[in-house]
Amino acid sequence: MCSKILFFLAVFTLIAAAEKCHPNDLKGLINFKTGIFSDTSGRLDTWIGHNCCEWDGITCDNGTGRVTQINLPGFYTSSDDTPLQTSMIGNISPSITLLASLEAIDLSGLVGLTGEIPPSIGFRLPNLKKLSLWGNRIEGTLPESICELSKLEDLYLYENRFFGSLPGNLGKLKSLKMLDLHSNRFSGFLPETITNLTNLERFCIQNNFLTGEIPGNIGDFQGLKELDLSNNSLTGKIPASINKLKAVSTIYLNNNQLIGKIPFFNQMSTLGFLRLNDNKLTGKIPNSFGYLISLQRVSLAYNKLTGPIPSSLGNLRSLTEMYLNGNKLSGQLPRSIGRLSNLLMLRVSNNMIEGPLPRDMALLENLQTLDLSFNRINLSSVPDWLLKLPSLSRIFLAGCKIQGEIPGNLVSTSSSLQELDLSDNNLTGQIPGWIGRLTELYSLNLSANFLVGEIPNPITNLARLGILDLHSNKLEGGLPPSLANVSSLERLKLQKNHFTGKIPNVFLNFKNLQELDLSDNFLEGKIPFGKPLIDFPKGSYSGNKGLCGLPLEPCRP
Ligand SMILES: *[C@@H]1O[C@H](CO)[C@@H](O)[C@H](O)[C@H]1NC(C)=O
Ligand SMILES: *[C@@H]1O[C@H](CO)[C@@H](O)[C@H](O)[C@H]1NC(C)=O
Ligand SMILES: *[C@@H]1O[C@H](CO)[C@@H](O)[C@H](O)[C@H]1NC(C)=O
Ligand SMILES: *[C@@H]1O[C@H](CO)[C@@H](O)[C@H](O)[C@H]1NC(C)=O
Ligand SMILES: *[C@@H]1O[C@H](CO)[C@@H](O)[C@H](O)[C@H]1NC(C)=O
Ligand SMILES: *[C@@H]1O[C@H](CO)[C@@H](O)[C@H](O)[C@H]1NC(C)=O
Ligand SMILES: *[C@@H]1O[C@H](CO)[C@@H](O)[C@H](O)[C@H]1NC(C)=O
């Protein structure tokens with residue numbers, strides 16, 4: 001008898017739970033819906049009646065009937081398996097704090113959500129594990145109360161308009177694993193307590209306005225896999241304790257104002273990606289770099305590093321990309337560089353590196369991009385092996401004191417060469433006709449040399465050419481009308497040569513041209529009238545023998 005009543009009671013509660021929603025949940029959700037005046041996904045259209053647990057994007061607890069999840073990401077897969085990008089416009093109602101049992105809120109990537117995080121969130125939603133609001137226009141500061149969310153594991157607020165400093169008690173979020181606040185307007189210091197977040201795996205706060213120093217105990221983030229503090233205004237040194245991040249795979253500290261030396265590393269054996277570029281680091285590249293055995297991509301570019309490139313870099317067998325450009329590095333490239341058999345990209349331009357190049361570089365059979373420009377390397381004749389590296393497709397040898405004609409063995413790269421920069425050398429002779437065989441070429445820079453003769457006709461075979469820079473040579477003759485057949489051209493720089501005659505009418509066919517410089521030649525006659533030629537500034541045509549017409553003065557009748 002008694003059990004029968006209990007049974008009916010139980011069934012009744014279940015039905016009630018399934019059909020009705022807790023009045024607070026209902027009120028919170030209806031207020032949320034009221035705040036949204038556009039929802040391209042149509043999911044809020046299902047929010048009618050009282051069965052909120054059946055509504056799109058809502059999950060309830062089967063036992064208590066309370067709403068535990070709001071899942072309305074802008075990018076989602078609809079019931080018929082189509083991936084959709086949708087948006088919502090409107091304010092996040094502070095009433096969502098009425099949904100007291102919420103464990104997850106996902107309103108990410110909706111583009112148009114505005115408003116703030118309700119200040120009482122930490123006291124009203126104690127069970128919250130996930131708060132994902134990235135990719136909206138939410139503003140305001142992070143409320144202090146957020147630090148009370150002791151179960152919070154994932155906090156994704158990136159790509160919004162949050163500002164102000166981070167709450168001092170952020171270190172109280174003991175369960176936090178993912179903290180991503182990038183691309184907002186946060187300012188102030190990183191709170192010292194942040195390293196109390198011992199479960200943190202990912203900490204990304206790049207593209208903000210943080211100042212002050214990196215906390216000295218940064219190494220206490222024992223479980224940290226990804227650290228991105230790039231593009232802020234952080235000052236001071238890189239703390240030595242960073243070496244203790246044993247599990248880390250990514251460290252980006254680039255584009256800050258960091259000073260001092262690169263610290264000693266010997267423990268970060270899992271580090272794959274390291275960017276320290278665009279800071280004010282000084283001193284040598286430490287020999288301990290050789291311990292970073294998992295390193296795949298590293299950039300130390302645009303600092304004030306001195307001394308030689310350490311030979312220990314040859315231990316980095318996984319390395320695919322290395323940027324050391326824009327420093328004051330000296331000495332020769334170490335022979336051990338030839339052991340980097342996975343290297344795809346090597347940039348050491350704008351340093352004080354001396355020649356000769358180690359012959360072992362010929363072993364870099366996967367190297368695609370080599371930039372040695374503007375060093376103290378003297379390639380008065382370019383070594384044959386260099387131009388025969390089998391994978392080379394981008395060669396930058398500007399300011400390498402190359403003498404004589406354009407090296408003919410470049411033809412051996414004809415099936416792959418995409419970018420060639422031999423500017424600022426002592427090249428003489430004519431531009432060879434075989435240049436037309438480099439059919440993959442996108443960018444050709446032969447500026448600031450002593451080249452003579454005409455632009456060879458085969459250049460019009462370069463159907464992918466986007467950038468042609470031949471300025472500051474002694475090239476002569478007329479501008480070839482056939483050049484207009486290279487319709488892919490975006491930047492054409494022929495200034496400071498000895499070109500004569502008229503600008504061909506067919507130059508009006510350049511539909512993709514964004515930059516043109518024909519100044520300081522001996523050109524004459526009327527500039528062909530029409531786009532894109534009339535849109536370039538006067539400076540594109542100045543200093544010629546007698547050009548007239550728009551954008552210059554009208555031609556005399
Ligand atoms: C709650 O009920 C739904 C519908 O009957 C069911 O699909 C789901 O697995 C249940 N969840 C739990 C946690 O019991
Ligand atoms: C951080 O940890 C230290 C030492 O364990 C403790 O004294 C401090 O109260 C903690 N701070 C916060 C905000 O959790
Ligand atoms: C750096 O951060 C600022 C502020 O968020 C942003 O406007 C800028 O685009 C960022 N720069 C880069 C290179 O990401
Ligand atoms: C480069 O080397 C060549 C051949 O050794 C030499 O003739 C030339 O003077 C050197 N150029 C410079 C700028 O040192
Ligand atoms: C390069 O050419 C310039 C100008 O003719 C000359 O002064 C310079 O000595 C040459 N450099 C070399 C390395 O030959
Ligand atoms: C070509 O090289 C010169 C000198 O190295 C450089 O100043 C110029 O910007 C380059 N041209 C293009 C189009 O990048
Ligand atoms: C330029 O293209 C036109 C049309 O495709 C063609 O008739 C002409 O021969 C080409 N000129 C040169 C010099 O390649």
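Quick caveat: nothing in here was measured; it's all calculated off a predicted structure. Just so you know, ligand 1 is whichever comes first in the structure, and atom 1 is the first atom listed for that ligand. Scope of the values below: all heavy atoms of this structure, side chains included, with no hydrogens, waters or symmetry mates.
Around the CZ atom of Phe189, the shell of radius 6.0 Å holds no more than 12 heavy atoms that belong to other residues, nucleotides or ligands. Annotation: Arg202, atom CZ; neighbour count of heavy atoms from other residues, nucleotides and ligands within 6.0 Å is above 12. Counting non-hydrogen atoms of other residues, nucleotides and ligands closer than 6.0 Å to NZ of Lys493 gives a total above 12.
When the options Ile402, Leu379, Ile377, Asn378 are ranked by their closest heavy atom to atom 1 (C) of ligand 4, first place goes to Asn378. Residue nearest to atom 5 (O) of ligand 4, selected from Ser380, Cys400, Ser381: Ser380 (by heavy-atom distance). If you check each of Asp424, Leu492, Asn445 against atom 6 (C) of ligand 6, the one with the closest non-hydrogen atom is Asn445.
Protein heavy atoms come within 4.0 Å of atom 14 (O) of ligand 3.
The protein heavy atom nearest to atom 9 (O) of ligand 6 is Asp469 OD2, 4.7 Å.
Of the inter-residue distances, the one linking Leu516 atom CG with Ile503 atom CD1 reads 7.0 Å to the nearest 0.5 angstrom.
Below 4.0 Å from some heavy atom of Ser447 lie the following atoms of ligand 6, by number and element: 1 (C), 2 (O), 3 (C). Taking every heavy atom of Asn231 and a limit of under 4.0 angstrom, the matching atoms of ligand 3 come to 1 (C), 2 (O), 3 (C), 8 (C), 10 (C), 11 (N), 12 (C), 14 (O). Those atoms of ligand 6 with a heavy atom of Ile467 less than 4.0 angstrom away are 13 (C). Within ligand 6, counting atoms from 1 as listed, the ones closer than 4.0 Å to a heavy atom of Arg491 are 13 (C). Near Phe209, the atoms of ligand 3 lying under 4.0 angstrom from a non-hydrogen atom of the residue are 4 (C). Applying the 4.0 Å criterion to heavy atoms of Lys401 picks out, from ligand 4, the atoms 12 (C), 13 (C). Those atoms of ligand 6 with a heavy atom of Ser423 less than 4.0 angstrom away are 2 (O), 3 (C), 4 (C), 5 (O).
Shortest non-hydrogen contact noted between Leu157 and Asn184 is O-ND2, 3.1 Å.
Asn409 and Asp384 form a side-chain donor-acceptor contact under 3.5 Å, judged by distance and modelled atom types alone. In this model, no donor atom of one side chain and acceptor atom of the other lie less than 3.5 Å apart for Ser230 and Asn255.
In Phe374, the part holding a heavy atom less than 4.0 Å from any atom of ligand 6 is the side chain. Residue Asn184 touches ligand 3 through its backbone alone, judged by heavy-atom distances below 4.0 Å.
By the 30° and 60° cut-offs, the orientation of the rings of His498 relative to Phe522 is tilted.
In terms of polar-atom proximity, Asn207 is counted as a contact of ligand 3, with an N or O under 3.5 Å from an N or O of the ligand.
At least one test fails for Arg185 against the ring of Phe209: distance under 6.0 Å to the centre or angle within 45° of the axis.
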Could you walk me through whether Glu490 and Tyr442 pass side-chain hydrogen bond (donor to acceptor under 3.5 Å, both in side chains), step by step?
CA-CA 10 Å; Glu490 293 161 12; Tyr442 167 72; 3.1 Å; yes
